[in-house]
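I have placed the structure first, in the form of C-alpha cells, so that the comments after it can refer back to it.
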Amino acid sequence: MWFGELIKLDKDFYQQDAKTVAKALIGKRLITNIGSKKISRIVETEAYLGPHDLACHSAKGLTTRTKVMFGPAAKTYVYLIYGIHTMFNIVTGNSDGQAVLIRAVEPVSLIKANTNGPGKLTKALGIGLEHNDISLLNNTIYLEDAKPVNKIITTSRIGIDYAKEWKDAPLRFYDFDSKFVSKR
DNA sequence: GGGACGATGTAT
DNA sequence: TACATCGTCCCT
C-alpha cells in the first residue's frame, strides 16, 4: 500500500526473489548521492534468477565477479560490459545468486543526460565500478517506495541470445506509460 | 600467459 | 551492421 510517504525500501523488500523484486521496482524512486543528489524513477528492469538461469552471471558459479550476487540482498552489483559501459544491478533473494538489472529510469530532478538504457543511466547518475558491493540501506544509493504504475508490460530479456532455453523467459518488465524505456 | 567474449550505444 | 575497449573467465 502506498500512503504518499517517502519510505526507504528495506532489507525485507530486497530479500524477495528477483522476479518479484524486478516487477515491484517499476515506478519506485532511485536516489543517488554521487557528486550531487539525483532523483529518478525506475521504468525498466530485468530479473536474473540465479545459477540455474543461463543468462545470469551467477551461472558461472562463485567467482571474483559473482561473489557479490552470492552475498546478502540489498547490495549493488556493478560490472563493466564491452569495456565501455557499467551496468547497475541490485542483489536480491537469500545469498543465492539472484539480481535485478536496472535497464532504464526516468529523470525526476537534477538529471541532464539521457537515462533510457542500462549504460546510459549509469553514466547520467555517475555510477561506476567503484560503486560495486555497496549497501542500498545507506545513503549513497537507495530506493524509496512510490505510487504503483498503471500498467506493467512483461517481455523476454534483451541481449542474452546465448542463454539457450532461458533466452525467451518473460523476465523483463517496463512501465507501459513511460517514454524512457530503452530502444532496441 | 593469452584469447574470446560480452545484461550496450552510437555512428554509418 | 560495424565497432569501440577492458575485466573476467577459462584454456577451445
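Just so we're on the same page: letters track the sequence lines, and every chain starts at 1.
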Exercise. So, is His57(A) near the phosphate of dA7(B), with a side-chain N or O under 4.0 Å from OP1 or OP2?
Worked result: yes

For this session: Tell me whether the OP1 or OP2 atom of dT10(B) has a side-chain N or O from Lys183(A) closer than 4.0 Å.
Result: no

For this session: Starting from C1' on dG9(B), measure out to CZ on Phe88(A) and report it in whole angstrom.
Result: 20 Å

Problem set entry | Whole-Å distance separating the OH atom of Tyr79(A) from the P atom of dC5(B) | 17 Å

Exercise. Does Thr64(A) make a side-chain N or O approach to OP1 or OP2 of dG7(C) shorter than 4.0 Å?
Worked result: no

Exercise. How far does CG of Leu121(A) sit from OG of Ser40(A), to the nearest 0.5 angstrom?
Worked result: 7.5 Å

Seminar exercise, completed: Whole-Å distance, His85(A) NE2 to dC3(C) P, equals 17 Å

For this session: Determine if the base of dA7(B) is syn or anti; take syn to mean the glycosidic torsion is within 90° of 0.
Result: syn

For this session: Identify whether any heavy atom of Arg65(A) sits under 4.0 Å from a base atom; if not, whether one sits that close to sugar-phosphate; answer base, sugar-phosphate or nothing.
Result: sugar-phosphate

For this session: Verify whether one side chain among Glu46(A) and Tyr48(A) offers a donor that lies under 3.5 Å from an acceptor in the other.
Result: yes

Exercise. So, is Tyr82(A) close to the dG7(C) phosphate, meaning a side-chain N or O under 4.0 Å from OP1 or OP2?
Worked result: no

Exercise. CD1 of Ile160(A) versus P of dT8(B): gap in Å, rounded?
Worked result: 10 Å

For this session: Take atom NZ of Lys8(A) as the centre, draw a 6.0 Å sphere, and report whether it contains more than 12 heavy atoms from other residues, nucleotides or ligands.
Result: yes

For this session: Hey, could you give me each pair passing ring-ring contact (aromatic ring centres under 6.0 Å, His included) that has a residue in residues 163-184 of chain A? Not counting sequence neighbours.
Result: His52(A)-Trp166(A)

For this session: State the CG-CD1 distance between Asp168(A) and Ile160(A), to the nearest 0.5 angstrom.
Result: 8.0 Å

For this session: Run the numbers on Asp175(A) and Lys151(A) for salt bridge (Lys or Arg N to Asp or Glu O under 4.0 Å), then give the verdict.
Result: CA-CA 6 Å; Asp175(A) 178 356; Lys151(A) 187 175 179 182; over 6 Å; no

Exercise. Closest to the Leu80(A) side chain: dT5(C), dC6(C), dG6(B)?
Worked result: dC6(C)

Exercise. Starting at CD1 of Ile84(A) and ending at C1' of dG9(B), how long is that distance when rounded to a whole Å?
Worked result: 8 Å

Problem set entry | Rounded interatomic separation in angstrom, taking CD1 from Ile158(A) and P from dG9(B) | 11 Å

Problem set entry | Identified stems (criterion: three or more consecutive Watson-Crick or G-U pairs, under 3.5 Å), DNA chain B | B:1-6 with C:6-11, B:8-11 with C:1-4

Exercise. Where the side chain of Tyr162(A) is concerned, which of dT8(B), dT8(C), dG6(B) is the nearest nucleotide?
Worked result: dG6(B)

Problem set entry | Closest-nucleotide 5' rank along DNA chain C - winner of Gly83(A) and Thr63(A) | Gly83(A)

Exercise. Quick one: Arg157(A) CZ to dG6(B) P, roughly how many Å, whole number?
Worked result: 15 Å

For this session: Please report, rounded to the nearest Å, how far the C1' atom of dT5(C) is from the CE atom of Met87(A).
Result: 14 Å

Seminar exercise, completed: Per the glycosidic torsion and the 90° limit around 0, nucleotide dT12(B) is anti

For this session: Please report the C-alpha distance between Asp53(A) and Lys19(A) in whole Å, then the side-chain angles of each, then the deciding distance to 0.1 Å, and finally whether the salt bridge (Lys or Arg N to Asp or Glu O under 4.0 Å) criterion is met.
Result: CA-CA 12 Å; Asp53(A) 174 0; Lys19(A) 186 174 180 177; over 6 Å; no

Exercise. Are Leu54(A) and Leu171(A) linked, directly or through other ILVMFWY residues, by side chains that come within less than 4.5 angstrom of each other?
Worked result: yes

